[in-house]
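Here the structure comes first, spelled out in structure tokens, and everything after it is commentary.
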There are 2 protein chains.
Amino acid sequence: MAEILWTIVKIGYAARLPLPRSLWGVTETSSQPRRAKPRPAKRSREDKYDERRTQLAESALATLGERGYARTSLREIAQNSEFSHGVVHYYFASKADLILHCVRYYKIDCATRYDEIIATATDPEEFANRFVERLLGTLRQDASMHRLWYDLRGQSMFDQEFADQVEEIDRLLEDMIWRIVTKFAELSGLQPAFSPALSYAMFDGVFFKALLAHVHGDELAPDRLREEAFALLPSLFRDA
Amino acid sequence: MAEILWTIVKIGYAARLPLPRSLWGVTETSSQPRRAKPRPAKRSREDKYDERRTQLAESALATLGERGYARTSLREIAQNSEFSHGVVHYYFASKADLILHCVRYYKIDCATRYDEIIATATDPEEFANRFVERLLGTLRQDASMHRLWYDLRGQSMFDQEFADQVEEIDRLLEDMIWRIVTKFAELSGLQPAFSPALSYAMFDGVFFKALLAHVHGDELAPDRLREEAFALLPSLFRDA
DNA sequence: CATTCTCCTTGACGACTGTCAAGTTTTGGC
DNA sequence: GCCAAAACTTGACAGTCGTCAAGGAGAATG
């Protein structure tokens with residue numbers, strides 16, 4: 001059963017490939033593994049190298065999402081890929097290097113989830129409906145990815161190494177929420193009542209609570225999230 | 001430096017002792033360690049046994065608060081107490097048993113932090129001021145305890161063993177917030193605008209964000225929390 | 001005083017971890 | 001088809017972990 005779930009998650013991620021490497025390749029700052037410094041001149045080689053890194057990052061994300069950061073070993077990640085455990089250190093300098101790569105990979109998705117809705121919405125009520133339904137969808141579908149994010153965010157309180165990346169993603173998420181808030185204000189002719197940070201914090205608290213209940217097996221969690229989101233949304237605004 | 005900080009934390013916890021054992025002794029359900037089943041008839045023995053358990057739980061809490069759940073070993077906990085590592089399994093059946101005992105110990109405090117303010121407040125503005133100031137106080141003073149709570153809450157998404165305890169504490173905290181909300185409503189003649197769960201989730205999101213920033217070294221975090229709390233508080237109510 | 005039980009220390013066990021070196025297989029350029 | 005570089009596997013390392021058994025110190029009990 002868990003195997004099936006895991007496979008679904010894996011396929012889900014694989015389906016999004018390929019991603020342009022320019023998205024994170026340029027900002028790569030971590031130390032390189034023992035691979036020879038001068039990369040092959042041939043383009044296909046370089047691509048294959050990055051593809052393997054991504055492939056391993058996906059396996060890592062799927063495993064991390066199921067077992068959590070603390071309980072996931074490099075051997076386990078490799079076991080859920082088609083490679084042996086040694087290959088991890090061929091493509092990543094360390095475990096932290098791998099995790100940070102995973103987080104970078106994750107954040108590409110996380111902050112653009114509602115942009116399509118924002119771009120195409122014309123009516124405030126329709127906008128709210130589509131937003132909330134997508135919120136419920138990601139709660140159910142990407143639950144293990146979300147709990148990994150909250151796990152890593154929690155770890156960043158004890159491990160300084162994660163703090164910067166976590167803060168960066170937090171900013172992206174705050175911007176995402178703020179784009180929703182301003183769009184809704186624009187469509188409805190109202191004014192945002194709170195700062196971007198406060199709006200995000202409120203929404204994040206509500207979403208996390210729903211995720212926690214959902215993960216703990218509460219089948220009513222999505223429905224309750226819908227109610228709460230519809231209760232929260234209007235109170236984020238005041239008359240212009 | 002870290003040593004000094006740790007000592008301060010430890011003294012802080014020791015100062016709260018002794019606690020009546022009836023508070024958690026009756027609900028004790030975890031398996032007992034290898035200590036002989038029929039406890040000594042002498043009262044002082046039994047007390048000493050519970051005192052040691054509490055003493056170890058305090059050391060554990062201090063260490064866990066500094067290093068986080070995943071990084072803290074039983075040897076480290078014992079090293080920060082005055083005992084050797086073997087003694088842990090004399091008083092606790094397993095690591096999980098110890099952690100759960102710590103959590104139970106923690107929750108006695110966590111949910112009664114504002115009750116004195118609730119009981120003595122007479123004016124809504126004065127009530128809000130005292131509440132927010134105590135909120136800032138606990139953010140600064142009990143930061144490592146709070147991050148441990150959020151850490152364990154996150155772990156409960158991967159470790160079913162923690163789920164029940166986490167849900168129980170979450171309920172206590174929700175009740176705590178709701179007592180504040182209803183008291184404020186009573187003093188100000190307004191009506192709570194949201195459900196207890198939603199009110200708690202919003203406040204929790206705001207507090208966690210402040211804690212994260214504070215732990216990451218943001219010195220303005222408490223001041224921002226004050227602003228945000230004062231912005232959030234009135235919007236939790238509507239006219240009667 | 002002798003015995004028993006409590007309390008605690010010590011040391012060891014098997015399992016697991018991240019890391020890495022050595023060796024094998026595969027690939028691509030000539 | 002050869003050969004060097006890349007890609008991957010294997011096995012081992014030093015360390016840590018939770019757990020527990022053996023035994024000693026010391027107080028309580030008779």
Side-chain angles (χ1 to χ4, degrees), chain A residues 30-56 59-60 63-64 67-102 155 159 161, chain B residues 30-56 59-60 63-64 67-102 155 159 161:
Chain A
S30 58
S31 60
Q32 289 294 314
R34 65 161 154 155
R35 189 188 207 269
K37 283 292 161 59
R39 290 194 188 172
K42 198 68 188 319
R43 174 74 186 189
S44 67
R45 276 239 193 265
E46 191 170 346
D47 283 352
K48 193 169 183 181
Y49 180 75
D50 288 339
E51 272 173 35
R52 277 279 182 278
R53 276 172 72 95
T54 300
Q55 194 175 354
L56 283 169
S59 284
T63 311
L64 287 164
R67 302 259 300 139
Y69 168 71
R71 268 168 282 278
T72 304
S73 69
L74 294 180
R75 281 171 175 80
E76 205 176 348
I77 290 171
Q79 215 158 17
N80 283 343
S81 76
E82 49 178 327
F83 303 104
S84 65
H85 71 271
V87 84
V88 175
H89 273 85
Y90 183 79
Y91 288 101
F92 297 96
S94 68
K95 187 182 183 182
D97 188 24
L98 168 63
I99 304 289
L100 290 177
H101 188 87
C102 289
Q155 296 307 310
D159 196 334
E161 198 169 8
Chain B
S30 60
S31 60
Q32 288 295 314
R34 64 163 154 155
R35 191 187 208 267
K37 282 293 160 60
R39 290 195 187 171
K42 198 73 185 315
R43 174 72 188 190
S44 67
R45 275 239 194 269
E46 192 170 346
D47 284 353
K48 193 170 183 182
Y49 180 76
D50 288 339
E51 272 174 35
R52 277 280 182 280
R53 275 173 71 96
T54 300
Q55 193 175 354
L56 284 168
S59 284
T63 312
L64 287 164
R67 301 261 299 140
Y69 169 70
R71 268 167 282 277
T72 304
S73 70
L74 292 180
R75 283 172 174 82
E76 204 175 349
I77 290 171
Q79 215 158 18
N80 284 343
S81 76
E82 50 178 326
F83 303 105
S84 65
H85 71 270
V87 84
V88 175
H89 273 84
Y90 183 79
Y91 288 101
F92 298 95
S94 67
K95 186 183 183 182
D97 188 25
L98 168 61
I99 303 289
L100 289 177
H101 188 87
C102 289
Q155 295 306 310
D159 197 334
E161 199 168 8

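Below, read A as the first sequence line, B as the second, and so on, with proteins coming before strands; counting in each chain starts at 1.
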Measure from [atom1] on [X] to [atom2] on [N] and round the result to the nearest Å.
| X | N | atom1 | atom2 | result |
| --- | --- | --- | --- | --- |
| B/R75 | D/dG18 | CZ | C1' | 7 Å |
| A/R71 | D/dC17 | CZ | P | 16 Å |
| A/F92 | C/dT19 | CZ | C1' | 16 Å |
| B/R53 | C/dC7 | CZ | C1' | 15 Å |
| B/Y69 | D/dC17 | OH | P | 13 Å |
| B/K95 | D/dG18 | NZ | P | 4 Å |
| A/I99 | C/dT19 | CD1 | P | 10 Å |
| B/D97 | D/dT19 | CG | P | 10 Å |

**OP:** Determine, stepwise, if the pair A/F83 / A/R52 fulfils side chain to side chain contact (heavy atoms under 4.5 Å, CB included).
**Re:** CA-CA 10 Å; A/F83 303 104; A/R52 277 279 182 278; 3.1 Å; yes
Where the side chain of [X] is concerned, which of [options] is the nearest nucleotide?
| X | options | answer |
| --- | --- | --- |
| A/Y90 | D/dT19, C/dT9, D/dC8 | D/dC8 |
| B/R52 | D/dT10, C/dC7, D/dA7 | C/dC7 |
| A/H89 | D/dC17, C/dC20, D/dT9 | C/dC20 |

**OP:** Starting at OG1 of A/T54, measure out to NE2 of A/H101 and round the result to the nearest 0.5 Å.
**Re:** 4.5 Å
Reckon [X] has a side-chain N or O less than 4.0 Å from the OP1 or OP2 of [N]?
| X | N | value |
| --- | --- | --- |
| A/S73 | C/dC16 | no |
| A/S84 | D/dC8 | no |
| A/Y91 | D/dA7 | no |

Subject >> Main-chain N/O of A/A78 paired to A/S81 side chain as donor or acceptor, under 3.5 Å >> reply: yes
Subject >> By side-chain hydrogen bond (donor to acceptor under 3.5 Å, both in side chains) - contacts of A/E76 (at least two apart) >> reply: A/R67
Original post:
With sequence neighbours left out, what residues match B/R71 under side-chain hydrogen bond (donor to acceptor under 3.5 Å, both in side chains)?
Top reply: A/Q155
Original post:
With a 3.5 Å cut-off and just heavy-atom distances, do the side chain of B/H85 and the base of D/dG18 make a donor-acceptor pair?
Top reply: no
Subject >> Closest-nucleotide 5' rank along DNA chain C - winner of B/F83 and A/T72 >> reply: B/F83
